[in-house]
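Here is the structure we will look at.
Ligands are counted one by one from 1 in listed order, and the atoms in each one are counted from 1 as well. Hydrogens, waters and symmetry mates are skipped; everything else that's a heavy atom, side chains included, is used.
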Amino acid sequence: MTEAVLTLSDVSYRWPGRSAFSLTIPALTVARGETVLLLGESGSGKSTLLSLICGTIQPDRGSVQIADTEVTTLSGSARDRFRAEQIGVIFQQFNLLPFGTVTDNILLPLRFAPERRRRVGDVTKEAARLCSALGLPEGVGRTKADALSVGQQQRVAVARALIGQPPLIIADEPTSALDANSQAAFLDLLFAQTAECKTSLLMVSHDPRLGERFDRVLRIEEITQVERAAA
Ligand code: ADP
Ligand code: MG
């Protein structure tokens, strides 16, 4: 049997307020080292699903297991620590701290994740190694994040997700603002590192052309049921 890094069963969630958007996911599994692309139109619930997996929102019912831990039973602060330890997150807008240096940004998740930090050893050296592996210029570590080009910011966001080898990387449309060449380069970097570290990758996109690079492609409407209140 393949080892699962992520297992969702009978999860459902309804956003409070007027939109009354509700999402039900009967079953979703991602195996160790597996790369999965999740496709869906804008507004189909992709980011909601990723927030449920990351534990930034709590399901109304159902089970979310990551690396054998039932995330839904953890307290809020325990969930934050668990996320920092187990999940590397790449947001659509990269969410770098603009006034922090590149090194500050890459090391940020380790501040809340002592085990992930211990795996790294010399953290400054590892941040520099990742920068170099990701094709960032020598000595970039001391540069403020807001002085970087968009392409460089992406690489920093990838380094921040990869540092300390979390077992799962979650990426929410990280390539949507990029042209085709930069998209391919970005995915090359991400796949090289996930293959080397046996990291699982769950990436969301609305672009089906990315699918051929992934082990498995899912469409959100195949794995979820959506309800919207009448307008
Ligand atoms: P996608 O990422 O596929 O574009 P989202 O998960 O962001 O879709 O949004 C799906 C639906 O969930 C939205 O159309 C909206 O109705 C609802 N929704 C998303 N975020 C919120 C929020 N913060 N508060 C209330 N409703 C929300
Ligand atoms: Mg989204």
Could a heavy atom of [X] be found less than 4.0 Å from some atom of ligand 1?
| X | result |
| --- | --- |
| Gly17 | no |
| Gly45 | yes |
| Glu41 | yes |

Q) Does the ring-ring contact (aromatic ring centres under 6.0 Å, His included) test come out yes or no for Phe191 and Phe214, once each step is laid out? A) CA-CA 9 Å; Phe191 278 98; Phe214 287 76; 5.0 Å; yes
Nearest-neighbour protein heavy atom for [atom], which is reported as residue plus atom name and distance:
| atom | value |
| --- | --- |
| atom 19 (C) of ligand 1 | Trp15 NE1, 3.3 Å |
| atom 10 (C) of ligand 1 | Gly43 O, 3.5 Å |
| atom 6 (O) of ligand 1 | Thr48 OG1, 2.5 Å |
| atom 7 (O) of ligand 1 | Ser47 CB, 3.6 Å |

**Q.** SB check Asp104 Arg111 (cutoff 4.0 Å)
**A.** no
Q: Please say whether Ser44 places an N or O atom under 3.5 Å from an N or O atom belonging to ligand 1.
A: yes
Q.
For a quick test of reading the model, state the closest non-hydrogen atom pair linking Cys131 to Ile106 and the distance between them.
A. SG-CD1, 3.5 Å
Q: May I ask you to check if any N/O/S atom from Ser47 comes under 2.8 Å of the Mg ion (ligand 2)?
A: yes
(Q) Could you check whether any side-chain heavy atom of Ser47 comes within less than 4.5 Å of a side-chain heavy atom of Val204, counting everything from C-beta outward? (A) no
**Q.** Check: Pro59 and Thr72 side chains under 4.5 Å, non-hydrogen atoms
**A.** yes
Q | Flag if over 12 foreign heavy atoms under 6.0 Å of CD, Glu227 | A | no
(Q) Under 4.0 Å from a heavy atom of Ser42: which atoms of ligand 1 are those, numbered in the order shown and with their elements? (A) 4 (O)
Q.
What verdict does the salt bridge (charged side-chain N to carboxylate O under 4.0 Å, His left out) test give for Asp146 and Lys144, after you've listed the backbone C-alpha separation in whole Å, the side-chain angles of each residue and the deciding distance to 0.1 Å?
A. CA-CA 6 Å; Asp146 66 356; Lys144 293 271 197 294; over 6 Å; no
